[in-house]
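Chain identifiers are assigned alphabetically (A, B, ...) following the order of the sequence lines, protein sequences preceding nucleic acid strands; residue numbering begins at 1 within each chain.
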Protein chains: 2
Amino acid sequence: MGLAKTEIFTDEQNQIALFAKVFGHPARVAILQYLFKLNTCICGDLVEEIGLAQPTISQHLKELKNLGLIKGNVEGTSVCYCIDHDNWSKMKETMQNFLDQDISGQGDCC
Amino acid sequence: MGLAKTEIFTDEQNQIALFAKVFGHPARVAILQYLFKLNTCICGDLVEEIGLAQPTISQHLKELKNLGLIKGNVEGTSVCYCIDHDNWSKMKETMQNFLDQDISGQGDCC
DNA sequence: TTATTACATTGCAATATTACGATTAAATAA
DNA sequence: TTATTTAATCGTAATATTGCAATGTAATAA
């Protein structure tokens, strides 16, 4: 298979999984950390900063863009990518709700 | 390939990615939510609750166990799985640090 | 002992992901 | 126009993931 049966899960469960999936590769984590640090960037920087080939970085950027976590503006021959703070906040709320489930926990049962 | 080049990333980046990866499937999200709700469980429950075959559930439970997020005790012929609250807290701190990067953000650049 | 019950493991097919060389596209520079 | 620069896309190889039928294992029940 290799294909998740998304139809049997709730929208919330699928959305958490989608967000988590995009963070499930260290290159994308590194790209986001770098974008937060610089508050601006171009793809070329990332190729040197991260240490993966240009097509690979471009592919990772595309996935981040598809989820809306970053956005890019063409500036001459280069592209300026940066965090989409609005969408980041929305994602953060969803993920934090999921992570905070344990606040009602009474301790381990076994 | 299909193989992440983990050696070029920091331990933190790799760890965030590992945690995120395990949340990157709705079945594992659903399993964790169910465990939080019940505060105890056995695998059989999950097969009915989630709607995937028993070997599939067992496999997802194994991944959650490998990361230390759940633990299981044999009880007769069944197994009692539950959240490992200590490890969940540690994971939560790591993930929240990552999600909270935007607090210093000055707004979108593009 | 011989079921039965509950879960784990194995093996496999279908699909997804990761990475990169080669190429393309689009903007600027000469 | 013809480079050059920068990033996207295409094609492909290697590996990983998902899901399940079949089987194995270990504890209890008959």
Side-chain angles (χ1 to χ4, degrees), chain A residues 1-9 13-14 17-31 34-35 40-67 70-82 110, chain B residues 1-9 13-14 17-31 34-35 40-67 70-82 110:
Chain A
M1 305 269 148
L3 177 71
K5 283 191 158 183
T6 54
E7 70 277 8
I8 65 174
F9 301 104
Q13 288 162 345
N14 282 315
L18 273 183
F19 283 133
K21 206 171 185 179
V22 92
F23 299 142
H25 193 291
R28 292 189 290 264
V29 171
I31 287 172
Y34 189 69
L35 285 182
T40 174
C41 103
I42 48 173
C43 177
D45 285 359
L46 287 167
V47 174
E48 292 174 36
E49 179 74 15
I50 310 281
L52 290 171
Q54 179 266 323
T56 308
I57 297 290
S58 192
Q59 202 171 260
H60 285 306
L61 286 169
K62 193 179 176 183
E63 290 179 67
L64 291 169
K65 205 176 174 185
N66 283 345
L67 260 192
I70 66 175
K71 46 189 175 180
N73 265 34
V74 177
E75 289 196 357
T77 55
S78 53
V79 176
C80 170
Y81 274 111
C82 65
C110 49
Chain B
M1 305 268 149
L3 177 71
K5 282 190 157 183
T6 54
E7 70 278 8
I8 65 173
F9 302 103
Q13 288 162 345
N14 282 315
L18 274 183
F19 284 133
K21 206 171 186 179
V22 92
F23 299 142
H25 193 291
R28 291 188 291 264
V29 171
I31 287 172
Y34 190 68
L35 286 182
T40 174
C41 106
I42 49 175
C43 179
D45 286 359
L46 287 167
V47 174
E48 292 174 36
E49 179 73 15
I50 311 281
L52 290 171
Q54 179 266 323
T56 308
I57 297 290
S58 192
Q59 203 171 260
H60 285 306
L61 285 168
K62 193 178 176 183
E63 289 179 66
L64 292 169
K65 204 175 174 184
N66 283 345
L67 261 192
I70 65 175
K71 47 188 175 179
N73 265 34
V74 177
E75 288 195 358
T77 55
S78 54
V79 177
C80 169
Y81 274 113
C82 65
C110 51

Is the CD atom of B:Glu48 crowded by more than 12 outside heavy atoms at less than 6.0 Å? no
Does A:Thr56 put a side-chain nitrogen or oxygen below 4.0 Å from OP1 or OP2 of C:dT18? no
At less than 4.0 Å, is any side-chain N or O atom of B:Lys62 found next to OP1 or OP2 of C:dC7? Yes or no. no
Using a 4.0 Å heavy-atom cut-off across all strands, classify A:Ser78 as base, sugar-phosphate, or nothing. sugar-phosphate
Distance, rounded to the nearest Å, where A:Asn14 contributes CG and D:dT18 contributes P: 13 Å
On the nucleotide C:dA19, are OP1 or OP2 found under 4.0 Å from the side-chain N or O atoms that A:His25 carries? yes
Return the nearest nucleotide to the side chain of B:Ser58; candidates are C:dT9, D:dC20, C:dC20. C:dT9
Of A:Cys43 and A:Thr6, the one whose closest nucleotide on DNA chain D sits nearer the 5' end is A:Cys43
Grab the CD-C1' distance between A:Glu75 and C:dA26 for me, whole Å please. 15 Å
In whole angstrom, what separates B:Leu64's CG from D:dT17's P? 14 Å
For A:Thr77 and D:dT5, is the shortest distance between a side-chain N/O and OP1 or OP2 below 4.0 Å? no
Residue-phosphate contact under 4.0 Å: B:Tyr81 side-chain N/O, C:dA8 OP1/OP2: yes
Mapping B:Gly51 and B:Val74 onto DNA chain D by nearest heavy atom, which one lands closer to the 5' end? B:Gly51
Whole-Å distance separating the CG atom of B:Asn73 from the P atom of C:dA6: 18 Å
Quick one: B:Ile42 CD1 to D:dA26 C1', roughly how many Å, whole number? 16 Å
Length of the NZ-C1' vector between B:Lys5 and D:dA16, whole Å: 17 Å
Grab the CZ-P distance between B:Phe9 and C:dT18 for me, whole Å please. 11 Å
Side chains of B:Glu63 and B:His60: closer than 4.5 Å at any heavy-atom pair? yes
Close side-chain approach of A:Tyr34 and A:Leu46, heavy atoms under 4.5 Å: yes
Does A:Leu61 reach the side chain of A:Cys43, with side-chain heavy atoms less than 4.5 Å apart? yes
Taking only side-chain N and O atoms of A:His60, does any of them lie within less than 4.0 angstrom of OP1 or OP2 on C:dT17? no
Nearest to the side chain of A:Pro55, which nucleotide is it out of D:dA7, C:dT9, D:dT9? D:dT9
Could you tell me whether the side chain of B:Ile8 reaches within less than 4.5 Å of the side chain of A:Leu52, counting heavy atoms only? yes
So what does B:Ile57 hit on the nucleic acid, given a heavy-atom distance under 4.0 Å: a base, only sugar-phosphate, or nothing? nothing
B:Gln54 (side chain) and C:dA6 (base): donor-acceptor pair under 3.5 Å: no
Starting at atom CG of B:Leu52, determine the distance to atom P of C:dC7, rounded to an integer number of angstrom. 15 Å
Would you state whether a donor and an acceptor, one from the side chain of B:Gln59 and one from the base of C:dA8, lie under 3.5 Å apart? no
Would you say B:Asn73's side chain and B:Cys80's backbone share a donor-acceptor pair under 3.5 angstrom? no
B:Lys21 vs D:dT17: side-chain N/O to OP1/OP2 distance below 4.0 Å: yes
